[in-house]
Amino acid sequence: MRRISMGKSMDAIMALCKRRGFVYQASEIYGGINGFWDYGPLGTLLKRNLREAWWQDMIMNPCWGRQGPDGEPVRCVPVETRIIQHPRVWEASGHVGGFNDPMVDCKACKSRFRADHLIALPLHALTSVETAGEQSREVFVFYGLGTPAEVRQQRAKEIARLEAQRTLQSLVPPLVYLHNYETLKADFECPACRQRGSLTAPRQFNLMFKTYVGATASEDDIAYLRPETAQGIFVQFKNVVDTTRIKVPFGIGNVGTSFRNEVTPRNFTFRSREFEQAELEFFCHPDDSQGWYRFWRDFRMEWWRSIGLAGDNLQLREHDQDELSHYSTGTCDVEYRFPFTAPDFGELEGVAHRGCFDLTQHQEHSRVKLDYFDQERGELLPNGSRKGERYIPHVIEPAAGLDRGALALICEAYTVDESRPSPEIMKFHPRMAPIKAAVFPLVNKDGMPEVAQKLTDELRARFGRHGLIESDPKQSIGKRYARMDEAGCPYCFTIDGDTLTDQTVTVRDRDSGAQERIAIDKVSGYLSERLGL
RNA sequence: GCGGGUGUAGCUCAGUGGUAGAGCGCUACCUUGCCAAGGUAGAUGUCGAGGGUUCGAGUCCCUUCACCCGCUCCA
């Protein structure tokens, strides 16, 4: 029903993606592999255009040259960091702990819970050794993984945290030692169906991909494929500051592939296990951070609009206070209403105020100072210069998902117009369109093919770096227009009999089907203007 | 992980134990003077994979993989 009300069927979009070479199932001839998708020729070009636009508008000419809240032009530099980092990077970032959410299933009612989301269970489930000395206070049972010592530590930390938050009464997660769970499980009841003894032992979901560095592949060689590109930026922050003349406030951008072992890959490419991110970490003085947060939040929204997600299907959603990470003072998501999420929205990009959390974490774990000496702050000295101020910069993180972005572009572009002979049209923004233009001889004779070929060659020489220039002399003109509609080509230039005498061609607009006649030597300028080049 | 559904040509799908099909697309030729996706001809299949039952399996049974939907989850 939702699909019908949206007017867009995900099945139809997926069929078009396959048919026209946007997206293929990965390893399809072997039966596919869960959570992985490949891009075909047009999809590859579409995503490249999206990545290029991000690169241009975030790094090369940040925010289209506009000024930041400090009245200065926004400054950003790129890095390219590796998928595999030192394993301790992921300890510092919190991913080693945070990515391993133990899960518990109820065999009776098939419910699944995050173990740390379960309501507290009575004390008697703990071993006597553990309960000694804790009789006088309210004690809760936790789930936990690892050795008893590790679990004790984990629990102490958790209690301290919850006490600090004054939520101990309501939110304490239960803990049980894995090694003696079987003897204790009769004491536990399922929060959903109240059946006793039906909960499975907590099972660990490894959300990070594990691999081995080195040919011997022993347990000492374990490394992880990055779950986000951001950490590579934080780890190289000091090098960038030390080896360039860039000064806070500034951003460092990083684009690349990340991996997450999603529990349930679903919804076409939306939740893939291998995906590409475009992340910017913008470093600024703590006092200026809220201004920068608002600046990036608004710009990122504007940016997605500018590449074609212009309608009601795009929204900005500020996270509620209880949704925020403990270190964040503000986070919002740029969200798109996909056919499969409608009427709800799915995240395209998160813009997070991360405070000084990441640099502080890496400073502690690496024991390398990661603060910044700002020579433009501090009290004014007699000689006219400033005394300087040392601080750990705060960070605003706009982190975009390129595969989700490409999927949103596809869903937004997909249009069905039953009044047209070929109802399916991909209305890509010209800047995103994989095929920029097509050149057709109206009929394949009378000198028209030659003129068309010459124009094609010219357009390719000028626009080939931005996208495909198609040329097709075969079959009826209607068929050729229809094919271009389905591939999302915005402009078709047609050579007809008049071209040979007055040097004009027709331009057909994809979205309206309307035609106008322009001089053949104006085609290049016409296209350049409309592609925003 | 659980439940439901699907898997046959590039795409959409028909095929209820007995020779592998249609429409669209694709290719070639002809036509065509701006969208009636023209006409004619042609090519295209490990029937998702593996095993079993049977004289015989796309069809029945088992296993498995993938995708879709609903739960669950989404750091």
Side-chain angles (χ1 to χ4, degrees), chain A residues 1-3 9-21 23-37 40 90 93-117 192 200 203 205-208 227-228 258 260-271 273 325 333 339-341 346-347 350 417 419-425 440-446 448 473-486 492-500 505-510 512-517:
Chain A
M1 288 307 285
R2 285 172 181 176
R3 288 178 174 186
S9 144
M10 206 55 214
D11 289 342
I13 291 172
M14 289 169 67
L16 186 144
C17 281
K18 170 74 184 290
R19 187 166 72 240
R20 298 311 310 240
V23 180
Y24 306 134
Q25 203 178 0
S27 306
E28 188 184 290
I29 62 170
Y30 287 97
I33 177 164
N34 190 316
F36 296 87
W37 298 87
W90 308 114
S93 70
H95 288 93
V96 169
F99 269 57
N100 297 332
D101 293 326
M103 305 294 292
V104 170
D105 289 316
C106 173
K107 287 179 186 166
C109 67
K110 311 298 183 194
S111 303
R112 168 179 288 180
F113 311 94
R114 258 172 70 169
D116 64 348
H117 283 178
T200 63
R203 273 176 298 181
F205 283 68
N206 260 318
L207 291 169
M208 277 201 293
E228 61 174 36
S258 296
R260 297 178 191 179
N261 260 320
E262 299 290 351
V263 178
T264 312
R266 240 350 128 78
N267 289 329
F268 202 26
T269 61
F270 184 78
R271 182 165 288 130
R273 286 175 162 154
S325 314
D333 288 341
F340 50 80
T341 58
E347 181 184 348
D417 182 349
S419 72
R420 286 172 57 159
S422 58
E424 289 183 302
I425 307 158
F440 299 142
L442 182 58
V443 290
N444 196 15
K445 61 180 184 185
D446 299 339
M448 296 179 206
K474 302 284 185 71
Q475 296 180 313
S476 77
I477 191 71
K479 266 192 180 184
R480 287 177 279 167
Y481 286 152
R483 265 198 290 263
M484 287 301 114
D485 286 346
E486 211 183 42
C492 295
F493 299 97
T494 301
I495 305 334
D496 59 18
D498 293 345
T499 310
L500 307 172
V505 300
T506 61
V507 190
R508 173 189 178 271
D509 179 80
R510 173 195 65 203
S512 65
Q515 290 184 19
E516 60 179 311
R517 185 161 276 276

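Labels below follow one simple rule: chain letters A, B, ... track the order of the sequence lines, proteins then strands, and each chain is numbered from 1.
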field: Length of the line joining R273(A):CZ and A66(B):C1', which is rounded to integer Å
entry: 12 Å
- request: Please state whether the base of C68(B) and the side chain of D11(A) form at least one donor-acceptor pair under 3.5 Å?
  value: no
task: Taking atom C1' in both C30(B) and C68(B), compute the distance separating them and give it to the nearest angstrom.
output: 44 Å
K18(A) bridged to E28(A) by N-O distance under 4.0 Å: yes
query: When only distance counts, do a donor and an acceptor, one from the side chain of R508(A) and one from the base of C34(B), lie under 3.5 Å apart?
result: no
message: Here's a test for you: under side chain to side chain contact (heavy atoms under 4.5 Å, CB included), which of I495(A), T506(A), I477(A) qualifies with L442(A)?
response: I477(A)
task: Sticking with atom C1', work out how far C13(B) lies from G50(B), rounded to a whole angstrom.
output: 26 Å
query: Please give, in whole Å, the distance from U31(B) C1' to L442(A) CG?
result: 13 Å
- request: Give the C-alpha distance, both sets of side-chain angles, the deciding distance and a yes or no for side-chain hydrogen bond (donor to acceptor under 3.5 Å, both in side chains) between S422(A) and Y481(A).
  value: CA-CA 9 Å; S422(A) 58; Y481(A) 286 152; over 6 Å; no
message: In the structure I gave you, are the side-chain heavy atoms of F36(A) and S27(A) within less than 4.5 Å of one another anywhere?
response: no
query: Any side-chain heavy atom of N261(A) within less than 4.5 Å of one from R273(A)?
result: yes
message: Distance check needed: A36(B) C1' versus R420(A) CZ, whole Å only.
response: 15 Å
query: Can you tell me the Watson-Crick or wobble partner of U53(B), both distances under 3.5 angstrom?
result: none
- prompt: Applying a 3.5 Å limit to both distances, which nucleotide forms a Watson-Crick or G-U wobble pair with G70(B)?
  reply: C2(B)
statement: Whole-Å distance, R483(A) CZ to C26(B) P, equals 5 Å
- prompt: G50(B) P sits how many Å from Y30(A) OH, rounded?
  reply: 13 Å
- prompt: Looking only at atom C1', what distance separates G17(B) and U54(B), rounded to whole Å?
  reply: 9 Å
message: Looking at the base of C34(B), is there any donor atom on it, or on the side chain of Y481(A), that sits under 3.5 Å from an acceptor on the other one?
response: yes
- request: Kindly indicate whether the side chain of M484(A), heavy atoms from C-beta on, has any atom under 4.5 Å from the side chain of R508(A).
  value: no
message: With a 4.0 Å cutoff (strictly under), does any side-chain N or O of K474(A) reach OP1 or OP2 of C26(B)?
response: no
query: At under 4.0 Å, does any side-chain N or O of N267(A) touch on OP1 or OP2 of C69(B)?
result: yes
- request: Sticking with atom P, work out how far A9(B) lies from G58(B), rounded to a whole angstrom.
  value: 14 Å
query: Please give, in whole Å, the distance from C34(B) C1' to M484(A) CE?
result: 16 Å
Span that lies between the P atom of C11(B) and that of A57(B), in whole angstrom: 27 Å
- prompt: Does A36(B) have a Watson-Crick or wobble partner in any strand here, with both distances under 3.5 angstrom, and which is it?
  reply: none
Interatomic distance at P, C62(B) relative to U53(B), whole Å: 15 Å
query: Does U19(B) pair with anything, Watson-Crick or G-U wobble, both distances under 3.5 Å, and if so, with which nucleotide?
result: none
- request: Specify the separation, in whole Å, of atom CG of N34(A) and atom C1' of C73(B).
  value: 14 Å
Any K18(A) side-chain N or O less than 4.0 Å from OP1/OP2 of G10(B): no
- request: Sort out the partner of A43(B) for me: Watson-Crick or G-U wobble, both distances under 3.5 Å, none otherwise.
  value: none
task: Using only heavy-atom distances, decide whether a donor-acceptor pair under 3.5 angstrom links the side-chain of R266(A) to the base of G70(B).
output: yes
message: Looking at W37(A) and V23(A), would you say the former's side chain and the latter's main chain have a donor-acceptor pair under 3.5 Å?
response: no
task: Please measure how far the C1' atom in A49(B) lies from the corresponding atom in C69(B), and state the result in whole Å.
output: 24 Å
query: When rounded to the nearest Å, what value does the distance between C1' atoms of C60(B) and C47(B) take?
result: 16 Å
field: Whole angstrom value for the distance that separates P of U32(B) from CG of D496(A)
entry: 16 Å
Given RNA chain B, 5'-ward residue of the pair L500(A) and S422(A), judged by closest heavy atom: L500(A)
- line: Side-chain contact check for Q25(A): nearest option of C34(B), A37(B), A66(B) is A66(B)
